[in-house]
Number of protein chains: 2
Amino acid sequence: MSDQASLPEQAHLSGNNAIETLRDDLPDDEILYDLAELFRVFGDSTRIKILYALFESELCVGDIAQVLHMSQSSVSHQLRVLKASKLVKFRREGKAVFYSLDDDHVRSMIALGMEHVEE
Amino acid sequence: MSDQASLPEQAHLSGNNAIETLRDDLPDDEILYDLAELFRVFGDSTRIKILYALFESELCVGDIAQVLHMSQSSVSHQLRVLKASKLVKFRREGKAVFYSLDDDHVRSMIALGMEHVEE
DNA sequence: TTATCACATGAACAATTATTCATATGAAGG
DNA sequence: CCTTCATATGAATAATTGTTCATGTGATAA
């Protein structure tokens, strides 16, 4: 976290305290951390697959596991993460728990990401 | 990666091969991996801060380090990651290297993420 | 060339994390 | 009650990754 030994302190920015101004214009650290955390949740193949599987309809945990060829435990663990970030919601129906995308924000995010990936 | 010992195979999905159909509708694994990887790049506080710092104007490495109170080495390492994902571009001017956002995709992504974070 | 500045990079370490295995919870039916 | 099915969760392990430190590269100026 501390600066390295000898920074030349030679700013290329025009103006004297341009660096401080720029720093003060950044959102609070807490907000930036939450933002990074949100992206981190999307940043895992398994979770992305789960979200994609839920694109068209809600699914229960076992079905997600079968669709993705994954263990029930692993899926459940990741659903927990997705739940914590409010990316999915769920409802109970007997023994089964059905998960679905929480809102259209999720679709928008993935769609935007896809645009970049597909160049 | 292999399935767990004894899945009951009791699909809740209507229809017999609904599971296979859903699986086949998913994008290729490679694409989903790339998508996750893109989000993973956004999923780090340092890189998010760097991108934010570049929102208004291009900056050289040393200035970014000063704005974010980080070591030059750490910034450089992360710029490498951002470069590899085509989120930033750069140009050389004498000894300094100036980085800037590659396109408006980056702004859109961050803006969308912010909407979710700010509830 | 030699010295210095700005940046890049390799290695090592610490911290985070996704999966597996085993077990616990909770609902429905007998 | 007891059993079974569906899901959740805790612990342990392996793999990934961000930072630091030290050093390398490339450009400018004397």
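Here is how names work: the chains are called A, B, and so on, in the same order as the sequence lines, proteins then strands, and each is numbered from 1. What you see is a predicted model, and the numbers here were worked out from it, not measured in a lab.
- The hydrophobic clustering, which links ILVMFWY residues whose side-chain heavy atoms are closer than 4.5 Å, places B:Phe98 and B:Leu54 apart.
- Atom-to-atom, CD of A:Gln72 to C1' of C:dC21 comes out at 12 Å; the value is rounded to the nearest Å.
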Expected list for residues 31-45 of chain B: side-chain donor-acceptor pairs under 3.5 angstrom, two or more places apart:
residue : atom : partner : partner atom : Å
B:Arg40 : NE   : A:Gly43 : O            : 3.1
B:Asp44 : OD2  : B:Thr46 : N            : 3.1
B:Asp44 : OD2  : B:Arg47 : N            : 3.1

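- Side chains of B:Asp63 and A:Leu22 form no contact here, defined as non-hydrogen atoms less than 4.5 Å apart.
- Rounding to the nearest 0.5 angstrom, the gap separating the CD1 atom in B:Ile64 from the CD atom in B:Glu58 is 10.0 Å.
- No side-chain heavy atom of B:Val97 sits less than 4.5 Å from a side-chain heavy atom of B:Leu79.
- Taken residue by residue, residues 33-55 of chain A places heavy atoms nearer than 4.0 Å to DNA chain C at A:Arg40, A:Asp44, A:Thr46, A:Arg47.
- Less than 4.0 Å separates DNA chain D from at least one heavy atom of each of the following residues of residues 75-86 of chain A: A:Ser76, A:His77, A:Arg80.
- Qualifying side chain to side chain contact (heavy atoms under 4.5 Å, CB included) partners for B:Lys83, counting only residues two or more places apart in sequence or in other chains: B:Val88, B:Phe90, B:Tyr99.
- In this structure, B:Met70 places its CE atom 13 Å from P of C:dA8, rounding to the nearest Å.
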Polar atom pairs (N or O), protein with nucleotides 24-30 of chain C, under 3.5 Å:
none

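- Residue B:Ser71 places at least one side-chain N or O under 4.0 Å from the OP1 or OP2 atom of D:dT20.
- When distances are taken from the side chain of B:Ser73 to each of C:dC7, D:dG10, D:dT20, the shortest belongs to D:dT20.
- Of the side-chain N and O atoms in B:Tyr99, one or more sit less than 4.0 angstrom from OP1 or OP2 of C:dA8.
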Run the side-chain donor-acceptor check on residues 105-115 of chain A: report pairs under 3.5 Å with partners two or more places apart or on a different chain.
residue  : atom : partner  : partner atom : Å
A:His105 : NE2  : B:Glu115 : OE1          : 3.1
A:Arg107 : NE   : A:Asp104 : OD1          : 3.0
A:Arg107 : NH1  : A:Phe55  : O            : 2.6
A:Ser108 : OG   : A:Asp104 : O            : 3.0
A:Glu115 : OE1  : B:His105 : NE2          : 3.1

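- Taken from CG in A:Leu101 to CG in A:Leu82, the straight-line distance is 9.5 Å, to the nearest 0.5 Å.
- Across the interface with DNA chain D, nearest-nucleotide mapping of A:Ala96 and A:Ser74 shows A:Ala96 to be the residue nearer the 5′ end.
- Taking atom CD on A:Gln66 and atom P on D:dT7, their separation rounds to 10 Å, with Å as the unit.
- Contact annotation: the side chain of A:Lys89 never approaches that of A:Asp103 to less than 4.5 Å [non-hydrogen atoms, C-beta and beyond].
- The shortest heavy-atom contact between A:Asp102 and A:Lys86 is CB-O, 3.3 Å.
- Rounded to an integer number of Å, the gap from B:Arg91 CZ to D:dA27 C1' is 15 Å.
- A donor-acceptor contact shorter than 3.5 Å is absent between the side chain of A:His116 and the backbone of B:Leu87.
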